[in-house]
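A quick write-up on the structure given underneath.
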Amino acid sequence: MDKVVIWEKKDGIATITLNRPESLNAINRELADQFYDTLIEIDQDWGVKVVILKGAGRAFCAGADIKTFTKHLELEPDFIYDTVYKVQQVNLLLKTLRPPVIAAMHKYALGGGYEFAASCDFRFCTEDTIMGPIEIAVGLLPIATGMTIMPRILGPQIAKKTILLGERFDAKYAKDIGFVLDVVPQEKLMDVVTEFAKKLMSTNPLLLYLGKMTINRALTSDISSNLKIECEILRMFSHSQFTEENVKKLLEKTKKEIWGQQ
C-alpha cells in the first residue's frame, strides 16, 4: 500500500502530510486508514509536543474521492459506511489527540477536508483558500462529525447557514466568522504555522493537553461537571502529583466519560 499519509518529527513538532496530490488529497479508504494509524502513533509518542496538518501539492484536501465513493455506493454500501465511520474516528482523534493540532490550509479545504480542519485545535489558511461543507450539493450532509463540530466552532446559526446552503467561502469570510486564526500569503504559510507551533511548545506539554482537554470537555458537558475536572487538576498541583503518569490517568478517564474512547 502506498503511503498516502506521511509524517515526520522534528524538534518536537510532528508534521502530517495528506499525500494524494494528484487528486487534491481527496479522501478514500486508504487515506482514512493511514490517517487514523498515524494519529494513534503520534498520540503515543510523548516526544511530540505539537502537530501540524497540511496537504501535499495544490490543495489541503478537496473532500471525498467522489469517483471511488460512487463506484462502491452501487456495489458495496457497507464499504461506504465503514469508510465514513473511519473518517469520523479520525476527526475524533484529532479532537482528543494529546498534543494540539494546527491545520495549515491552502487552496481547497472542502467537504471532508473542511471537517478535518474543523477537528483541529487551530487553523491557518492562505489568501486563496476556499472552504466549506459542500456535501449538500451532491445530496448529502457533512456526516463525518461536521454537524456536531461546526456549531461548537461557529455557533448554530452560521453552522446551519453554511451546511444547509452548502456554502463555499473565502479566507476573509473564514476569518470574519472565526474559523481561522489568520490568513497569510501561501509562501509564508508554513513559516507562520511553525512559529505558532513553537510558541505553543514553550508551554509545559502536560499543561497543553490538560488545557486542551478541559476546554474541549467544557463544550460537551455542564459547567459543574467540568469544574470537577478543574478541581482534579488543582489537586495534582497541590499534592505534588503533576506527573506524566497521573496526567495520563486523568486524560484516559475523561476520554471514556466524554468521548466514549477505550
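All values below were derived from every heavy atom in this structure, side-chain atoms included, with hydrogens, water molecules and symmetry-related copies excluded. The chain is numbered in sequence order, starting from 1.
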Checklist entry - Should Thr126 and Thr129 be marked as a side chain to side chain donor-acceptor pair (under 3.5 Å) after you check the CA-CA gap, both sets of side-chain angles, and the distance that decides it? => result CA-CA 5 Å; Thr126 57; Thr129 304; 2.8 Å; yes
Between the side chain of [X] and the main-chain N/O of [Y], is any donor-acceptor distance below 3.5 Å?
X      : Y      : value
Asn25  : Phe60  : yes
Arg58  : Glu22  : no
Thr214 : Gly211 : no
Arg98  : Asp45  : yes

Item to check | Other residues, nucleotides, ligands: >12 heavy atoms within 6.0 Å of Asp182 CG | outcome: yes
Checklist entry - Taking atom CD of Glu187 as the centre, does the number of heavy atoms from other residues, nucleotides or ligands within less than 6.0 Å exceed 12? => result yes
Measuring from atom [atom1] of [X] to atom [atom2] of [Y], what distance do you get when rounded to the nearest 0.5 angstrom?
X      : Y      : atom1 : atom2 : result
Ile42  : Leu97  : CD1   : CG    : 6.5 Å
Lys161 : Gln157 : NZ    : CD    : 9.0 Å
Trp46  : Tyr209 : CH2   : OH    : 8.0 Å

[X] vs [Y] side-chain heavy atoms within contact, under 4.5 Å:
X      : Y      : result
Leu200 : Phe196 : yes
Asn91  : Leu94  : yes
Glu8   : Ile16  : no
Asp121 : Lys95  : no
Cys125 : His106 : no
Thr145 : Gln88  : yes
Leu208 : Pro99  : no
Glu127 : Gln186 : no

Next on the checklist: Quick one about Asn19 and Thr17 (side-chain donor to acceptor, distance below 3.5 Å, no hydrogens or angles considered), yes or no?
Outcome noted: no
Checklist entry - How about Tyr173 and Phe179: are their ring centroids closer than 6.0 Å? => result no
Checklist entry - Does Ile130 sit in a hydrophobic cluster with other residues, and if so which ones, taking ILVMFWY side chains as linked at heavy-atom separations under 4.5 Å, directly or through other members? => result Leu24, Tyr108, Leu110, Ile134
Checklist entry - Can you name the one residue among Val101, Ile153, Ile102, Val193 that meets side chain to side chain contact (heavy atoms under 4.5 Å, CB included) with Arg123? => result Ile153
Next on the checklist: Using a strict threshold of under 4.0 Å (side-chain N to carboxylate O), is an ion pair present between Lys86 and Asp82?
Outcome noted: no
